[in-house]
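First comes the structure, then the notes that go with it.
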Amino acid sequence: QKEVEQDPGPLSVPEGAIVSLNCTYSNSAFQYFMWYRQYSRKGPELLMYTYSSGNKEDGRFTAQVDKSSKYISLFIRDSQPSDSATYLCAMSSSQGGKLIFGQGTELSVKP
Amino acid sequence: GAVVSQHPSRVICKSGTSVKIECRSLDFQATTMFWYRQFPKQSLMLMATSNEGSKATYEQGVEKDKFLINHASLTLSTLTVTSAHPEDSSFYICSASGLAADNEQFFGPGTRLTVL
C-alpha cells in the first residue's frame, strides 16, 4: 500500500464547475499537508499549505484536512481553463522535511 | 515566493556519458536541497536529500555512485548522472528550503534528460 493515494484521473469538467480533488494517506505522523499544481513539463508550484486539521481558503481554492479520516481535499470554485494542470497532494511529518507525493490528478477544464 | 532555477532545462546525451544538472536558489540560502525524479504520468519520487557541506542522504533503491550529488554552497547543488543509460531518461526536479524561506520547499522548473 502506498503511503499516499490519489486518483490519477483524468478529470474533465466544464468551465465554472466546482472541482473536488482528494488524497488519502496511511501515515498518522503526517502533520503538514500541501497541494501543488504542475503544468506540463514544468516544476510543481505550491498552491496551499496546511498544518494539522482544518480548512484553509485562498481565493477560489479551499484546502481541507481531516486527520481522523486521513483524508485531504482541495476544492476549486468557478474553475477556469487556466486551471487545467496536474494537481499533486504532498505531506510531511516535519516542517521542511521529506515530502511524500500522491500520484497527481490530471484536471482539464473545458471552455 | 523564493526562486529556484535549474540548468539545463533539457539535455539529450548518448548512452554511457555523464550529465550534470545544476540547481540554484536565487534569492535565499538553501540549507537543504532535494532531488526528485518524475517519470511520465507519475508522481515525484525523492531521490536524495542534501544539506550544505555534508554528504547527501539517498533514498532506498537509488544508487549513490550513479547519481552523484554535491551541495558545496548555500545556493548551489548539482546532480551528476554518471554513465547514463536510456532507463535514466526522466524529468529531474530539485527543490530547496531554508530558514529564511520558512523551511518551505521551493521547486525548480525541472530538467528533462533523454539518453539515446
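Every chain is numbered from 1 and lettered A, B, ... according to where its sequence line falls, protein lines coming before strand lines.
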Open item on the list: Apply side-chain contact (heavy atoms from CB on, under 4.5 Å) to residues A/Gln38 and B/Ile93 and explain how you reach the verdict.
Closed with: CA-CA 12 Å; A/Gln38 185 178 26; B/Ile93 307 173; 3.9 Å; yes
TODO: Apply side-chain contact (heavy atoms from CB on, under 4.5 Å) to A/Leu99 and B/Tyr36, showing your working.
DONE: CA-CA 10 Å; A/Leu99 290 178; B/Tyr36 296 84; 3.8 Å; yes
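Environment of NZ in A/Lys67: crowded, with over 12 heavy atoms of neighbouring residues, nucleotides or ligands closer than 6.0 Å. A 6.0 Å sphere centred on CZ of A/Arg77 holds more than 12 heavy atoms belonging to other residues, nucleotides or ligands. Heavy-atom neighbours of A/Arg41 CZ from other residues, nucleotides or ligands within 6.0 Å: at or below the threshold of 12. Annotation: B/His85, atom NE2; neighbour count of heavy atoms from other residues, nucleotides and ligands within 6.0 Å is above 12. Within 6.0 Å of NZ in B/Lys55 there are 12 or fewer heavy atoms belonging to other residues, nucleotides or ligands.
Only the side chain of B/Glu59 comes within contact range of chain A, judged by heavy atoms closer than 4.5 Å. The part of A/Glu106 that comes within reach of chain B is its side chain, from C-beta onward, which places non-hydrogen atoms under 4.5 angstrom from that chain. Heavy-atom distances place both the backbone and the side chain of B/Leu44 under 4.5 Å from chain A.
What you find for B/Gln105 and A/Tyr36 is that their closest heavy atoms are O-OH, 3.9 Å. The two atoms that bring B/Phe107 and A/Pro44 nearest to each other are CB-O, 3.5 Å, heavy atoms only. Shown here for B/Lys41 and A/Gln103, the closest heavy-atom pair between the two residues is O-NE2, 3.7 Å.
Hydrophobic clustering of Ile, Leu, Val, Met, Phe, Trp and Tyr side chains at less than 4.5 Å, counting indirect connections, keeps B/Phe91 apart from B/Trp35. A single hydrophobic cluster is seen to contain both B/Tyr92 and B/Val62, as judged by linkage of ILVMFWY side chains at heavy-atom distances under 4.5 Å, directly or through other members.
Contact tally against chain B (heavy-atom pairs below 4.5 Å) for A/Gly43, A/Pro8, A/Gly104, A/Ser92: the top residue is A/Gly43.
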